[in-house]
Every structure is written in structure tokens, then in C-alpha cells.
Amino acid sequence: MGKTLVRELGRGTLSGRIVEVEAYPIGDAAGHAFRGHTPGNHSIFREHGRAYVYFIYGSCYMMNVTSERPGIGGAVLLRAVEPLEGTNLMQRRRGTARVRDLTRGPGRLASAMRIDRRLDGVDLCAPGPLWLGTAVRPVGRIGRSVRIGVTREMNRRLRLYERGNPFVSGPKRLRV
DNA sequence: AAGAAGATTCGCT
DNA sequence: GCGAATCTTCTTA
């Protein structure tokens with residue numbers, strides 16, 4: 001939370017401040033590591049600090065940051081960022097001028113920052129095509145809730161967000 | 001082998 | 001609010 005997600009493209013740099021995440025820890029039945037290895041989830045079993053990018057609903061990419069030691073399996077889903085650099089390019093990519101709609105939600109943020117399976121497995125801990133930079137300002141008050149869109153382990157409050165931030169996704173009651 | 005659900009978004013009502 | 005889009009994986013047969 002609060003760190004800067006940086007996407008380096010040939011045309012320029014896109015970046016955003018992470019304001020909403022969800023944890024999918026070890027042994028979590030809602031996590032993609034729970035059922036073991038599949039053709040598409042290799043990266044979630046790599047060491048912490050790598051990208052795990054997957055495709056879902058036939059239309060959306062989702063970006064995660066791996067969180068465990070090699071072979072274990074666990075990750076944090078990036079659900080929303082606050083645009084910092086490259087807002088113009090994000091607007092073109094997303095086909096809207098409305099800044100609040102650019103990166104509010106996991107599928108939207110991946111689309112805005114051109115994150116797809118080609119970035120699956122990249123090291124996020126050093127500058128590169130996709131990486132995590134230092135925070136531009138301290139994170140505010142953190143809210144906590146159940147995770148959005150999951151149907152397993154529904155009692156676990158593993159979604160974290162910066163309270164009141166306009167770029168946080170979900171219904172209003174889950175943003176305050 | 002076929003059907004359904006999934007860490008979602010978009011357009012239309 | 002509801003259904004479509006349409007890939008991956010799991011369930012059931």
C-alpha cells in the first residue's frame with residue numbers, strides 16, 4: 001500500500017500509487033495457489049516480489065505481487081492505483097477522459113497500464129518494464145473489509161484500502 | 001467431452 | 001440492476 005507501481009513503455013512511463021489491495025495468503029481456499037500447479041499459475045509459486053498476472057472472465061488481466069518463499073504460493077492482488085504519471089496515455093488506452101475511471105479496479109488498472117501475460121513473472125523489486133518504486137507520500141488511514149467478488153473464505157477481511165481515496169473500487173460502504 | 005464458475009468490466013435499461 | 005464478453009480451470013459424466 002502506498003508504493004508506486006511503475007510501468008515503463010517505449011513511449012513513456014506510466015505510474016500509480018497503490019491504494020487498494022487484497023491478500024491471498026498461504027492455505028487460502030480463494031487463492032489461485034490453493035489447488036496446486038496449473039498451466040497458468042506458475043508464477044504465484046515463485047519468491048516474493050514477482051508479478052503474477054492472469055486472465056479471467058475472458059476479458060480482464062489481474063496483477064498480483066507474490067508474497068511467499070519459492071514453492072509456497074501466495075500473492076497480493078493490486079485492486080486500484082491513483083494515477084501519477086502518464087495519465088494522458090492511460091486515457092487513450094482506456095478510451096475515456098474520466099481520470100477516476102482509469103485505474104479504479106483490478107481489470108481497469110491492468111488495462112490502463114498495459115499489463116498482460118507478457119509481464120507474468122517479472123521481478124518487481126528493481127527498475128524494469130514493471131516494478132514497485134518508493135511511495136510518493138505516506139499512506140493515509142487504512143480501511144479493511146471482506147474481499148470483493150470472492151465466494152470462498154468470505155468471512156476473511158483481507159481487503160485493505162486507503163480510506164476515502166476516490167480511486168478505491170467497490171461500493172461506497174467499502175470505501176469509507 | 002461438455003458445462004459451469006471465476007480475485008471483472010461495459011453497455012443498456 | 002442485468003446480461004454479454006469469452007479464457008482458464010474445475011466438475012461431472
Side-chain angles (χ1 to χ4, degrees), chain A residues 1 3 5 7 14 16-46 48-68 71-83 87 89-122 124 130 132 142-162 165-175:
Chain A
M1 286 285 283
K3 285 182 75 81
L5 180 65
R7 177 77 170 105
L14 307 178
R17 177 172 173 270
I18 298 170
V19 298
E20 181 187 357
V21 301
E22 281 177 357
Y24 290 86
I26 298 169
D28 173 22
H32 288 187
F34 188 72
R35 298 179 191 275
H37 293 263
T38 67
N41 74 357
H42 172 73
S43 296
I44 200 173
F45 294 98
R46 298 188 68 179
H48 60 82
R50 297 235 170 218
Y52 165 50
V53 181
Y54 66 92
F55 190 62
I56 195 170
Y57 295 126
S59 56
C60 301
Y61 291 98
M62 306 270 174
M63 175 181 170
N64 298 252
V65 182
T66 61
S67 55
E68 306 302 328
I72 305 298
V76 173
L77 170 69
L78 303 189
R79 283 198 57 93
V81 304
E82 173 183 330
T87 306
L89 183 49
M90 292 186 198
Q91 286 168 319
R92 282 204 292 279
R93 289 193 52 77
R94 294 270 302 117
T96 179
R98 227 186 141 192
V99 175
R100 199 172 91 95
D101 287 344
L102 296 180
T103 54
R104 178 168 47 86
R108 287 170 173 165
L109 95 82
S111 172
M113 300 183 75
R114 200 205 268 180
I115 295 169
D116 57 35
R117 284 286 285 177
R118 291 174 297 189
L119 293 165
D120 183 53
V122 304
L124 300 171
L130 182 66
L132 293 169
I142 302 261
R144 186 165 64 118
S145 80
V146 296
R147 293 171 293 189
I148 294 177
V150 307
T151 56
R152 299 168 161 240
E153 308 255 11
M154 294 181 65
N155 52 330
R156 303 187 76 176
R157 298 170 67 205
L158 294 176
R159 170 177 173 266
L160 303 181
Y161 58 96
E162 184 175 50
N165 187 296
F167 296 94
V168 171
S169 72
K172 183 177 286 184
R173 64 187 171 78
L174 296 183
R175 304 199 300 255

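Reminder, nothing fancy here: chain letters follow the sequence lines and each chain counts from 1.
The shortest side-chain heavy-atom distance between A:Asn41 and A:Tyr54 does not fall under the 4.5 Å cut-off. Taking 4.5 Å as the limit, every side-chain heavy atom of A:Arg156 sits out of range of all side-chain heavy atoms of A:Val150. Within the 4.5 Å cutoff, the side chain of A:Val146 has no heavy atoms near those of the A:Asn155 side chain.
Of all the heavy atoms in A:Arg79 and A:Ser169, the pair that sits closest is NH2-OG, 3.1 Å.
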Margin query: Determine whether A:Arg50 and A:Ser43 satisfy the following criterion, side chain to side chain donor-acceptor pair (under 3.5 Å), listing intermediate values before the conclusion.
Written below: CA-CA 8 Å; A:Arg50 297 235 170 218; A:Ser43 296; over 6 Å; no
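For A:His32 and C:dC7, the NE2 to P distance is 17 Å, given to the nearest whole Å. Look at OH on A:Tyr161: it is 18 Å from C1' on B:dA7, rounded to the nearest Å. Rounding to whole angstrom units, CZ of residue A:Phe55 and C1' of B:dA7 are separated by 14 Å. Taking atom CG of residue A:Asp28 and atom C1' of nucleotide B:dA7, one finds them 10 Å apart after rounding to whole Å. The distance from atom CE of A:Met154 to atom C1' of B:dA7 is 13 Å, rounded to the nearest whole Å. Between the CZ atom of A:Phe34 and the P atom of C:dC10 there is a distance of 12 Å, given to the nearest Å. Regarding A:Ile115, its CD1 atom lies at a distance of 19 Å from the P atom of B:dA7, rounded to whole Å.
Taking the nucleotide of DNA chain C with the nearest heavy atom to each of A:Gly40 and A:Gly58, the more 5' of the two is matched to A:Gly58.
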List, with names and distances, any nitrogen or oxygen atoms from the protein found under 3.5 Å away from nitrogen or oxygen atoms belonging to nucleotides 8-13 of chain B.
{"residue": "B:dT8", "atom": "OP1", "partner": "A:Arg79", "partner atom": "NH1", "Å": "3.0"}
{"residue": "B:dT9", "atom": "OP1", "partner": "A:Pro106", "partner atom": "N", "Å": "3.2"}
{"residue": "B:dT9", "atom": "OP1", "partner": "A:Gly107", "partner atom": "N", "Å": "2.9"}
{"residue": "B:dT9", "atom": "OP1", "partner": "A:Arg108", "partner atom": "N", "Å": "3.2"}
{"residue": "B:dC10", "atom": "OP1", "partner": "A:Arg94", "partner atom": "NH1", "Å": "2.6"}
{"residue": "B:dC10", "atom": "OP1", "partner": "A:Arg94", "partner atom": "NH2", "Å": "2.9"}
{"residue": "B:dC10", "atom": "OP2", "partner": "A:Arg108", "partner atom": "NE", "Å": "2.8"}
{"residue": "B:dC10", "atom": "OP2", "partner": "A:Arg108", "partner atom": "NH2", "Å": "2.8"}

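At B:dG6, one or more side-chain N or O atoms of A:Thr151 fall inside 4.0 Å of OP1 or OP2 (strictly under the cut-off).
C:dG1 and B:dC12 make up a base pair, with Watson-Crick or G-U wobble contacts both under 3.5 Å. B:dA7 is unpaired under the criterion used here, namely a Watson-Crick or G-U wobble arrangement in which both key atom distances are under 3.5 Å.
Comparing B:dA1 with C:dT6, their P atoms are spaced 25 Å from each other, to the whole Å. Comparing the same atom, P, in B:dA7 and in C:dG1 gives a spacing of 23 Å after rounding to whole Å.
Ring geometry for A:His37 against A:Phe45 counts as parallel: the plane angle stays under 30°, on a 0 to 90° scale with 60° as the upper cut.
A cation-pi geometry, defined here as NZ or CZ lying under 6.0 Å from the six-membered ring centre and within 45° of its normal, does not hold between A:Arg17 and A:Phe167.
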